Structure formats: structure tokens, C-alpha cells
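Notes follow the structure.
Computed from a predicted model, the values in this text were never measured in an experiment. Quick note on labels: first sequence line is chain A, next is B, and so on, each numbered from 1.
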Amino acid sequence: MPGVLKELGAIAIRFDSSVLDVGDAESLPDDVTIEPLTPGSRDGIAILRHSTSHVMAHAVKELFPEAKVAIGPSTEDGFYYDFDIEKPFTPEDLQRIEEKMKEIIDRDSPFVRKVLPRDEAIELFEKMGEPYKVEILREIEDDEVSIYEEGGFTDLCKGPHLPSTRYIRAFKLLSIAGAYWRGDEKRKMLQRIYGTAFEDRKKLKEYLNFLEEVKKRDHRRLGRELDLFSINEEIGPGLILWHPNGAIIRKTIEDFWREEHLRDDYKLLYTPHMAKLNLWEKSGHWDFYRENMYSPMEVEGADYEIKPMNCPFHIAIYKSALRSYRELPIRYAELGTVYRYERSGVLHGLFRVRGFTQDDAHIFCMEDQMEEEIKRVLDFTLFILKTFGFETYDIYLSTRPEKFVGTPDNWERSTNALKAALEHKGLAYEVDPGEGVFYGPKIDIKVKDSLGRPWQCSTIQVDFNIPERFDISYRGVDGREHQPIMIHRALMGSLERFFGILIEHYAGAFPLWLSPVQIGIITVAERHISYAEDVLKGLKNAGIRCEALFENEKVGYKVRHATVRKVPYLVIIGDREAESDKLTVRKRGGDNVGPYVLGDLITWIREEIESRSLTSRL
RNA sequence: GCCGGGGUAGCUCAGUCUGGUAGAGCAGCUGAUUCGUAAUCAGCAGGUCAGGGGUUCGAAUCCCCUCCUCGGCUCCA
């Protein structure tokens, strides 16, 4: 049997839903069905990468015998292995390790599985001087454990593994990083080496190209190149300066957002950036969220706090009048700027900042309105996301965590409402058990960008905590006081992060409606300026954002200037245009279209802008 | 916050190992050129070498501290 499997290119097998070594096929009865796993399959590639991590650990042990091995799993797109070593690895070490790995792969040593009693394994790894393995073993409850040996390198491992090292055909070590043992910041910092492996060279090359593409799209780099935003050391880390080009995009997003919220019967609010500390004590943030809040400032003897969230303000507006069931649902929305303390090491461009604007809303409704409201929010969210070009998502439903407020009954009813809304909309979702926030269950939507990367943006959360703490109510049909359900939601999450995602999604080449400069006008020679000025005036009067490139430079220079700024359309004006009174347009990407008369061009362009089209209409 | 890499002109980077008068390209300014789809030529200007302290006759360069930044860990909109 193993011979046949080998011919099929199997590196492991699946039998009865468990994944085993190819060698295990021999011990199985003849009449069972086994599925060969190739390195190209989902499980197969994980095995390939896991085995590669073993080979890397082997190489490290040969080069640095004093290094202690910790853990080395496969990951979403590669693998890593953690080592405890005095002197951290250098990039040169990485090269040496790669060389050594190639040597080990060429040795073609088989991966050999051995099963032994746990106590014996503990003794073995103690003798080998591997304290991390011993620590893991002491926590394993099974009486027997498996180890894998390959060319003299033994590792505690469940497996399965490749038949031999020679099966590793394409791998690369990528980076070095510090990582806490067991992810616990109170424990020792180990040295982690990241790498990846693929079934063949071509796939590896593709992945490395993908990494290059990711680098090219980095919003921090494009943010500078396209003059969208900056972060200034003197002003402070994690605080964003929106330059004119970024600000016009933000304004366009905000206008769209407000317009659609009004259409969907939200009421818009504005609230202050700070409030008395007492408010935050009452809301519970001072107890539960303090580590993300800044120190209070004193104003005439009272402590004030810059806001990390908008909810208490919205509550205050809700409470500013006696509410009737007739008013519900009340939907309050605000582009609310909040400030949260983030540890210095986690800040990252627009993705992780200390001051940001949430597209926040709070919906107050009766319990029997909840499901309908959630459906409505889901529709609204997907519409907004789609407008920006996000059409695929991962949706998660997070249920009750161990520590929670409210009653289990409340939790169940609202979790069911969230679930029912998702199912009614036919949206596929995954349940994240116990991942809800302490105050209520939630739906999270992660959008997939043009490179297939997921980003957490939208969140819809039921909140049992705040209505209780602020004792909000409405008068029901029965004339008595009832507590409304409060739903907290954000669609884009934060404008800063969402902007960063958009930059990377479009690689800086925004659709026309979002582009800071929509049309660049290029003159061939000085004598064309007066005609070009007429064209500019016409386009500007039609509300189109234009840039005049009339300076005394060659056309090629000006085309390049506009192209690197990713201007969607260029109108080039020379003798031909001036004489015919028509315009040709150079599209982003280089195609020429036209000739058009100015009036038509304005019509098409406005249509493309107003429909928020993601593709060119020309 | 932690581990490691880094900070030199607006931007990208050389110079640091081996201490001895701060350099290039792009961008900017000035002039020439009047030109048809990704860079015309020439000239000029531009720096407390992140900040502070120390070693030295002398520090961008060596040492210490602080800040910022990058890759991760932990955490997260």
C-alpha cells in the first residue's frame, strides 16, 4: 500500500477523519478507505510546513547546540519555531540556517514516529536538556505520547509528518522576532523564526510576490507618496494628520455616510471630547476599561476625562426627555472621535492609533423590535461596505463569555435574535463561543480586501450593561416604565483604520468618486493654456476635482507626474484638441478614449461620480 | 510594555565597522527649451547627522539615557 500512496504523491493519509503518516497505512485493515493527502491539499500543506519547522529546529540545534527548543507549529501561511537562546539571531544567521536546512533535506532522512509512555518521554527530554518540552509534557494528560525523530533530531510531536526530509521542495525563512513563552508577557521572551514552505517552487515564488505586493500597497508608504496623511513625532505617536488629499477623501466618505444614515432614519449627533470622570465611573468604563483611558485632567477642582467611547453621551441625549414606546426605535449616529491609550509597541500607521473617529451608532428599541433592527443594520452595513468595493466577508457571532452582566436568559434571547437575523438574511457565519464582550453578544464582520486579507470593521453589539447602569427607560403601552434594548454598532469601525484598508485595497488607485484629483489637465505647449483653462473651468463648475498641469514641461513628464499620483483621468490638450474643440482622455492604466465634446464628458464623469461607480464609465 | 532592527536634506539612501572640514538621486527654486501620452538641460539652494549626556585634541561614527520608527509578542476599532 505505501508504494501506491507514494506514486500518488501522498505525504500523509486521512482515515476516518484523522490524519496519519503514510507509514500508518500498513497497520490499517485492507478493506477501509483511506484518502491520500498531497502537499497541495489544505491538510497536506500544513504537514509540509510543520515538518519544515522540525527541519529548521534541527538546523538551529546543529548550528547552535545551546539553543533550547520550544514550540514550532504551522500557521495560516507558513510556520515558526521558538527558541530560547542567549544571543538573538541575526539575518546572517537566518541564511546559515537556511543553508543547513538544505543540507538536512538532501540527507533524505525519514521522519520516524515513536510512541512511548509519558514518564519515559519526560525522562528523555530531561536528559536532552529541553526544559520547554518537559513543561509541555507535564501538562499532557495522556499516558502515552508520540515523538518524531529525523536524522538524529528528536521532537515531541503529535504528527503526522512527511515520509522524509527530501519531500521539502520549496521553503524560505522570512523573519526573526521576539515572542513570549506561551504568549504570556510575564514569562521569558524567546526568539522566533518565521518561515514558509510550499509544494513547489512556483507556489513559493507566487507567495513571495504576494508579500512584495503587500509591501507596495502598505498604506504608510502610499500615504506619504500620495500625500494623504502623516504622523508627526512632535505631535505624538498614534495621532493622525489628514493632509488635503486624505481630508477630501474623508469628507467624501463622511458625506456619503451622513446622507445614508439620514435616509435610514438615524438621527445625527455631536458630542464633546471630554466629560467628568464621574460619568465614566457610572458607565463602568473607569472600572473595566481604565487601562485604555488617559489620566484625568483637573478643571476647577473636578476631574475630567477625554472620551474613549461615545455611548454615555448618546445615553445622556436619550435621557434628556421622557421616552415613549411610540418613539422607538431611536437610532442615534455620530462620527465620534475617541482617544484610547495603546501601548507604544502596538501602534501601526492608520490601523492602530491613539485617536480615531468611530462611525458609531446606538439603537434603542423594544425587545420585540430587536431582530428587525438587527436585520436592518445588517442590510445597511452590507450596502455601505459594498459601495466601497467590499463584497466578501467573514461573519462571526460571539456568544456569552465566562464573565458577564445581565441574566443568562437575556443573553440567550439576544443571541437568538442575532442568530435569527443572520439566518434570515442567508448570511453564513461562524460561532465564536465565549468571545462576546462582557456586556452582550455581538456580530463581527470582517471584510476581505482585493488581496483576500480579512479586516475587522463592522461590529453589532447588544449592550445589557449601560441601560442598567444609567437606568434608561421608556413608557410602554401599559403606562409603566420599561428598559429598552440598546444595540451598539459601527460599520467602518474607525475612519482611520477604514481609510488605511481602502488605501491598501485599491493600492492607492481610488475609484473616481473618492479620488482626491479626478481629472488632470495637461497642456502640450504654452499656446494651449487658454483653451485648457476653458476646459478646466467647465469641469470645475460641474463640481469635478481637477488639477491643472500647465507648467512648462514635456507631456511625458506631466503624464508621469499624474500617473504616479494615480489620477483616474487625464485630458491632454494640444493643437488637435484646440482645433477640433474635442477632448481625448487618457485613462489610468494608459488607454486613450474619445474624442468627446466637453459637455458629454462632464455628463459621463458626473454619472460615474454620483453613482459611486467602482469602474470607469468611459 | 517586552525582544530585535533602524533614525543622516521634504523623500529614497551612501558615509558609521576602521573617529579627522557632511554626500548622491528625486522633489524645491532660477534660467534656457515650446515639446503629443511614465522623468529636457543647466545652475542654485537645502542638514544642530532624532534629542540629551559622556569618552576624545577632535564624534554622524565609540559609550550611556530618552524619544520616535520598523518586524514580531501581548492587546485591539
Side-chain angles (χ1 to χ4, degrees), chain A residues 80 82 84-85 87-91 93 174-194 215 218 220-221 224-225 227 230-238 289 291-292 308-310 336-338 340-360 437 444 455-459 461 488-498 500-501 520 522-529 549 551-565 570-577 584-592:
Chain A
Y80 65 82
D82 288 346
D84 184 0
I85 186 165
K87 210 172 132 273
F89 298 111
T90 65
D93 291 337
L174 298 170
S175 59
I176 312 154
Y180 299 108
W181 168 234
R182 299 245 148 144
D184 183 345
E185 63 184 331
K186 290 185 188 70
R187 306 194 67 172
K188 188 160 187 186
M189 170 97 27
L190 308 176
Q191 297 301 316
R192 175 173 298 180
I193 301 177
Y194 282 96
K215 233 188 246 170
D218 192 315
R220 291 167 298 185
R221 171 187 179 147
R224 190 172 42 241
E225 286 174 4
D227 200 12
S230 65
I231 299 166
N232 184 305
E233 192 177 322
E234 246 181 304
I235 288 167
Y289 206 69
E291 58 183 35
N292 283 293
M309 292 202 187
N310 302 303
T337 303
V338 297
R340 298 182 185 172
Y341 169 71
E342 297 284 358
R343 298 157 107 194
S344 56
V346 308
L347 299 173
H348 183 101
L350 295 171
F351 288 161
R352 197 68 183 275
V353 295
R354 285 184 175 156
F356 58 97
T357 301
Q358 292 183 303
D359 67 320
D360 211 355
V437 205
D444 285 329
W455 301 99
Q456 160 87 60
C457 293
S458 319
T459 180
Q461 311 181 341
H488 171 114
R489 52 107 279 201
L491 311 181
M492 299 182 275
S494 95
L495 289 178
E496 284 73 9
R497 170 184 282 181
F498 194 73
I501 295 167
I522 292 175
T523 48
V524 175
E526 229 168 79
R527 64 178 176 282
H528 306 119
I529 290 179
L549 296 154
E551 67 274 41
N552 186 5
E553 288 289 348
K554 287 179 147 185
V555 174
Y557 176 88
K558 293 193 260 192
V559 167
R560 179 183 157 79
H561 181 86
T563 305
V564 297
R565 280 163 188 72
L570 298 178
V571 170
I572 295 164
I573 293 173
D575 290 337
R576 286 203 293 273
E577 287 71 24
T584 48
V585 179
R586 184 193 209 268
K587 292 164 67 168
R588 190 162 51 193
D591 293 341
N592 279 298

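Using atom P as the reference point in both rC62(B) and rU69(B), the two lie 24 Å apart (nearest Å). Rounded to whole Å, the separation between the C1' atoms of rC2(B) and rA38(B) comes to 46 Å. Comparing rG4(B) with rU40(B), their P atoms are spaced 48 Å from each other, to the whole Å. Between rA59(B) and rU74(B), the two C1' atoms lie 39 Å apart (nearest whole Å). Spacing of P atoms, rG6(B) relative to rA42(B), comes out at 37 Å, to the nearest Å. Look at the C1' atom in both rC68(B) and rC57(B): the space between them is 34 Å, to the nearest Å. Comparing the C1' positions of rG7(B) and rA14(B) gives a spacing of 15 Å, expressed to the nearest Å. Using P as the reference atom, rG1(B) and rG10(B) are 28 Å apart when rounded to the nearest Å.
Summarising the base pairing, rA42(B) is matched to rU30(B) through a Watson-Crick or G-U wobble pair whose two defining distances lie under 3.5 Å. In this structure rC75(B) sits in no base pair that meets the Watson-Crick or G-U test at under 3.5 Å. Base pairing annotation: rG25(B) forms a Watson-Crick or G-U wobble pair with rC11(B), both donor-acceptor distances under 3.5 Å. For rG4(B), the paired nucleotide is rC70(B), the pair qualifying as Watson-Crick or G-U wobble because both relevant distances are below 3.5 Å. When both distances must be under 3.5 Å, the Watson-Crick or G-U wobble mate of rC35(B) does not exist. Judged by Watson-Crick or G-U wobble contacts below 3.5 Å, the nucleotide rU48(B) has no partner.
Residues T584(A) and E577(A) form a side-chain contact, since some pair of their non-hydrogen atoms from C-beta on lies under 4.5 Å apart. Considering only heavy atoms from C-beta on, V353(A) stays 4.5 Å or farther from R497(A) through its side chain. A heavy-atom distance below 4.5 Å is found between the side chains of I501(A) and F351(A).
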Reading nucleotides 37-42 of chain B from the 5' end, what letters show protein touch, with B for base, S for backbone sugar-phosphate only, - for no heavy atom under 4.0 Å? BBBB--
Per-nt protein contacts along nucleotides 65-77 of chain B (heavy atom under 4.0 Å; B base, S backbone sugar-phosphate only, - none) come out as --BSSSBBBBBBB
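As rounded to whole Å, 11 Å separates atom C1' of rU34(B) from atom CG of D575(A). The distance from atom CZ of R221(A) to atom C1' of rC26(B) is 15 Å, rounded to the nearest whole Å. Per the geometry, CD belonging to E225(A) stands 18 Å off P belonging to rG10(B), to the nearest Å.
Using a cut-off of 4.0 Å between Lys/Arg side-chain N and Asp/Glu carboxylate O, D218(A) and R220(A) are scored as salt-bridged.
The phosphate of rC2(B) (OP1 or OP2) has no side-chain N or O of R187(A) nearer than 4.0 angstrom.
Across Q358(A) and R340(A), no two heavy atoms sit closer than the pair NE2-NH2, 3.3 Å. Across all their heavy atoms, A562(A) and L549(A) have their closest contact at CB-CD1, 4.1 Å. Looking at every heavy atom in both residues, I231(A) comes nearest to G238(A) through CG2-N, 4.1 Å.
In this structure a side-chain-to-backbone donor-acceptor pair under 3.5 Å is present from R354(A) to E342(A). Listed for the D360(A) side chain is no donor-acceptor partner under 3.5 Å among the backbone atoms of G336(A).
Distance check, rounded to the nearest 0.5 Å: CD1 of I522(A) to CD of E551(A) gives 9.0 Å.
For E526(A) and F89(A), each mapped to the nucleotide of RNA chain B holding its nearest heavy atom, the one lying further toward the 5' end belongs to F89(A).
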